[in-house]
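Chain identifiers are assigned alphabetically (A, B, ...) following the order of the sequence lines, protein sequences preceding nucleic acid strands; residue numbering begins at 1 within each chain.
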There are 2 protein chains.
Amino acid sequence: MHDKMNHELNPRISADCVIFGFDLNTLNVLLIERETVVGLDTYKALPGDLIFEDEPLDTAANRVLNELTGLEDIYLEQVGAFGDPDRLSKPQDRAWLKAVRQDPDARVITIGYYSLVGMNNYVPQPASFARAATWIPIEEIGELAFDHREILDGALKKLKEKLTVQPIGFNLLPEKFTLSQLHRLYEAILGVELDKRNFRRKMLKMDILESLEERQEGVPHKPSQFYKFNEQKYHDLLKTGFDNFGF
Amino acid sequence: MHDKMNHELNPRISADCVIFGFDLNTLNVLLIERETVVGLDTYKALPGDLIFEDEPLDTAANRVLNELTGLEDIYLEQVGAFGDPDRLSKPQDRAWLKAVRQDPDARVITIGYYSLVGMNNYVPQPASFARAATWIPIEEIGELAFDHREILDGALKKLKEKLTVQPIGFNLLPEKFTLSQLHRLYEAILGVELDKRNFRRKMLKMDILESLEERQEGVPHKPSQFYKFNEQKYHDLLKTGFDNFGF
DNA sequence: CCAAAAGTGTTGAAGTTACACCCATGC
DNA sequence: GCATGGGTGTAACTTCAACACTTTTGG
């Protein structure tokens with residue numbers, strides 16, 4: 001800080017990242033596999049690790065994410081701080097901490113972050129330096145290491161809330177996408193069915209999508225129109241449109 | 001933690017509380033005055049301090065708040081973590097830290113919380129153990145210690161967002177209140193004018209207020225009807241009404 | 001009787017919901 | 001020609017925004 005910069009690990013603070021991806025069908029979360037030290041099993045955790053002393057929190061989250069998955073330079077939104085004194089007390093977790101941490105008994109508070117990325121932009125490579133990071137469909141995720149399940153739930157809740165008040169999630173899709181894909185994305189995140197016609201009307205009325213000439217090819221049904229997201233119009237809309245809240 | 005409980009201060013983590021109060025006219029925030037070590041001036045800060053090792057974050061926030069202001073057992077909502085490495089680097093702040101902290105150079109990450117309380121429930125007593133905690137009207141608050149201004153702004157933003165999606169803020173008012181007072185409260189928090197008739201209609205339609213027989217007395221104008229908040233109906237409404245978001 | 005705030009309705013516009021059929025393509 | 005998902009319109013209803021005058025009280 002201030003005068004003496006100090007590039008050492010801070011043994012008390014970590015950052016954990018909830019990275020959402022969408023494969024045009026279901027919502028996924030990027031998890032890393034950890035070998036349990038005791039058994040043969042692996043168990044799953046969010047990508048996360050201790051921060052450095054001289055590192056801003058969001059920088060740390062990005063660095064840790066990069067080290068564990070290879071993802072780079074992602075906009076991360078903070079979920080909040082998680083710091084129950086017993087959040088590291090499950091036997092599996094204790095074993096893992098003992099194996100890798102200098103001070104395995106330290107109380108660690110973690111700051112949760114989340115982000116949305118296109119699953120095509122990140123294809124996990126089992127053989128790479130990114131140790132086994134994999135996309136797991138969100139309905140298949142059960143218990144996670146530490147309190148990571150709670151962090152994931154918090155992130156999903158924030159994502160839902162945000163999605164209902166402003167259009168986001170375009171980075172979960174490829175550059176060119178169809179309205180049906182966007183529709184499925186919304187349904188996957190919110191976990192509800194949305195009327196097709198009303199959804200389309202609402203989306204198009206916002207005037208942040210640009211319809212391309214291009215259409216789907218090789219599909220065994222009427223080919224779908226491609227759209228792309230117009231970032232310029234989106235930002236104009238953000239300024240004017242979304243400040244005016246309910247009242 | 002886990003096996004060896006450890007009731008010592010955690011030198012790296014603090015909790016800061018943004019307590020909103022309403023005097024039936026303007027929105028206030030509870031701040032504590034700190035003597036600058038160097039000059040004669042005082043400067044203002046949020047009530048906050050380091051947490052204990054064995055203490056959950058929200059427990060810590062409540063304890064710290066109690067120690068500094070006397071307020072007890074408040075429901076605190078988390079704003080988030082604030083951890084810029086240079087958040088403690090202003091000269092005034094450094095001087096204060098050197099005077100009171102064991103390790104004044106440590107990097108401290110703080111968790112911000114906010115809450116709403118009735119200003120009548122808490123009348124600061126200059127002579128009490130609560131060192132000079134006072135209500136300051138929110139428009140009069142300028143710079144604060146550390147990054148407390150940023151925490152305050154974050155809390156206010158969350159409060160606004162929450163207020164626009166669900167009715168809250170009844171704990172900012174006395175038990176019996178008039179619709180005009182509630183109206184002023186909303187305007188004070190949101191910082192905008194709201195149409196009187198539309199506001200009343202909307203509030204009453206939610207059916208969470210109970211009109212009392214009682215009316216104002218001794219006012220030099222038509223006396224206003226008193227209402228009280230019906231918590232039961234509010235919770236019923238929360239279950240059914242506010243899950244259904246925009247889509 | 002004056003000042004001050006309380007209280008009250010209507011209208012037009014916008015937004016929301018619900019709902020069913022035809023279309024273009026590959027096989 | 002059939003299976004598949006793409007694409008379209010309308011009507012009833014609810015919500016929202018804008019707007020001005022009368023009432024009750026104290027002094």
Side-chain angles (χ1 to χ4, degrees), chain A residues 23-26 163-167 173 176-188 190 192-228 237 240-247, chain B residues 23-26 163-167 173 176-188 190 192-228 237 240-247:
Chain A
D23 59 6
L24 303 187
N25 252 315
T26 57
L163 192 67
T164 56
V165 303
Q166 65 179 244
L173 292 169
K176 300 168 184 175
F177 53 87
T178 71
L179 279 180
S180 302
Q181 289 166 348
L182 186 59
H183 183 204
R184 274 198 292 279
L185 170 59
Y186 268 66
E187 291 189 330
L190 298 177
V192 296
E193 287 206 344
L194 303 172
D195 182 87
K196 182 168 53 157
R197 280 173 288 193
N198 294 338
F199 177 82
R200 290 170 160 256
R201 190 184 7 254
K202 191 163 178 174
M203 272 297 156
L204 291 174
K205 190 162 31 149
M206 285 194 275
D207 192 32
I208 54 175
L209 300 183
E210 236 169 84
S211 88
L212 305 174
E213 289 312 307
E214 213 170 333
R215 330 182 122 263
Q216 279 182 317
E217 277 171 32
V219 288
H221 55 75
K222 181 171 174 180
S224 183
Q225 173 93 227
F226 279 114
Y227 289 82
K228 79 173 192 193
L237 183 60
T240 61
F242 291 111
D243 297 341
N244 343 337
F245 271 109
F247 268 95
Chain B
D23 59 6
L24 303 188
N25 251 315
T26 57
L163 191 67
T164 56
V165 304
Q166 63 178 246
L173 293 170
K176 299 169 184 174
F177 53 87
T178 71
L179 279 181
S180 303
Q181 290 167 346
L182 186 60
H183 184 203
R184 274 198 292 281
L185 170 59
Y186 268 66
E187 291 189 328
L190 299 177
V192 295
E193 286 206 346
L194 303 171
D195 182 87
K196 182 168 54 158
R197 279 173 287 194
N198 293 339
F199 178 81
R200 289 170 159 257
R201 188 181 11 254
K202 192 163 176 172
M203 271 298 156
L204 291 174
K205 189 160 35 148
M206 285 194 276
D207 192 32
I208 54 175
L209 299 183
E210 237 170 83
S211 89
L212 306 174
E213 289 313 307
E214 211 170 335
R215 329 182 122 263
Q216 279 181 318
E217 276 171 34
V219 288
H221 56 74
K222 181 169 176 180
S224 183
Q225 173 92 227
F226 280 114
Y227 289 81
K228 77 174 195 191
L237 183 60
T240 61
F242 292 111
D243 297 341
N244 341 338
F245 272 108
F247 270 95

Margin query: Can you see if the side chain of B/Ser180 gets near the phosphate of C/dA5 - specifically, an N or O under 4.0 Å from OP1 or OP2?
Written below: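 Answer is no, no contact under 4.0 Å.
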Margin query: So, OP1 or OP2 of C/dA5: does either fall under 4.0 Å of a side-chain N or O from B/Ser224?
Written below: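 Answer is no, no contact under 4.0 Å.
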Check: Which nucleotide, D/dT4, D/dT15, D/dG7, lies nearest any side-chain atom of B/Lys205?
Finding: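 Out of D/dT4, D/dT15, D/dG7, the nucleotide with an atom closest to B/Lys205's side chain is D/dT15.
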Distance in angstrom units between [X] [atom1] and [N] [atom2], rounded:
X	N	atom1	atom2	answer
B/Asn25	C/dA5	CG	P	10 Å
A/Arg200	D/dG5	CZ	C1'	10 Å
A/Leu204	D/dT8	CG	C1'	12 Å
A/Phe199	D/dG7	CZ	C1'	14 Å
B/Leu179	C/dA5	CG	C1'	13 Å
B/Gln181	C/dA6	CD	C1'	12 Å
A/Glu217	C/dT25	CD	P	10 Å
B/His183	C/dA5	NE2	P	14 Å

Note to self: Using a 3.5 Å distance criterion without hydrogens, assess whether the side chain of B/Glu210 forms a donor-acceptor pair with backbone atoms of B/Lys228.
What the structure shows: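 Flag not set: sc B/Glu210 to bb B/Lys228 has no pair under 3.5 Å.
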Of all the heavy-atom pairs spanning [X] and [Y], show the shortest one and how long it is.
X	Y	value
B/His221	B/Gln216	CE1-OE1, 3.8 Å
A/Leu204	A/Tyr227	CD2-CE2, 3.9 Å
A/Ala188	A/Asn25	CB-O, 4.4 Å
B/Leu24	B/Gln181	CD1-NE2, 3.5 Å
B/Leu179	B/Arg200	CD1-NH1, 3.8 Å
A/Leu182	A/Met203	CD2-SD, 3.8 Å

Next item on the list: Look up atom CE in B/Met206 and atom CD in B/Gln166, then write down how far apart they are to the nearest 0.5 Å.
Entry: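 Interatomic distance, B/Met206 CE to B/Gln166 CD, rounded to 0.5 Å: 10.0 Å.
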Note to self: Exactly one of B/Lys196, B/Lys202, B/Arg201 should register a side chain to side chain donor-acceptor pair (under 3.5 Å) with B/Asn198. Which one does?
What the structure shows: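 With B/Asn198 as partner, side chain to side chain donor-acceptor pair (under 3.5 Å) holds for just one option, B/Arg201.
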Next item on the list: Look at the side chain of B/Arg197 against the base of D/dA17 and say whether a donor-acceptor pair falls under 3.5 Å; ignore hydrogens and angles.
Entry: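 No, the side chain and the base share no sub-3.5 Å donor-acceptor pair.
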Next item on the list: Report yes or no: is there a donor-acceptor pair, N or O only, under 3.5 Å between the side chain of A/Lys202 and the base of C/dG15?
Entry: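 Not at all, since no donor on one side and acceptor on the other fall under 3.5 Å apart.
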Item checked: Angle of first-five versus last-five pair axes in the helix from C/dC1-D/dG27 to C/dC27-D/dG1, to 10 degrees ->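 If I round to tens, the end axes sit 0° apart.
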Next item on the list: For A/Arg215 and for A/Pro220, locate the closest nucleotide of DNA chain D by heavy-atom distance; then report the residue assigned to the nucleotide nearer the 5' terminus.
Entry: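 Of the two residues, A/Pro220 wins.
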Note to self: Please classify the nucleic acid contact of A/Gln225 as base, sugar-phosphate, or nothing, using heavy-atom distances under 4.0 Å.
What the structure shows: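 Here A/Gln225 touches the backbone only, sparing every base.
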Protein-nucleic acid N or O pairs under 3.5 Å, nucleotides 10-12 of chain C:
| residue | atom | partner | partner atom | Å |
| --- | --- | --- | --- | --- |
| C/dT10 | O4 | B/Arg201 | NH2 | 3.4 |

Item checked: A/Gln225 and A/Ser180: CA distance, side-chain angles, deciding distance, side-chain contact (heavy atoms from CB on, under 4.5 Å) verdict -> CA-CA 9 Å; A/Gln225 173 93 227; A/Ser180 302; over 6 Å; no
Check: Which comes earlier along DNA chain C counting from the 5' end, the contact point of A/Asp195 or that of A/His221, where each point is its nearest nucleotide?
Finding: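 It is A/Asp195, whose closest nucleotide lies nearer the 5' terminus.
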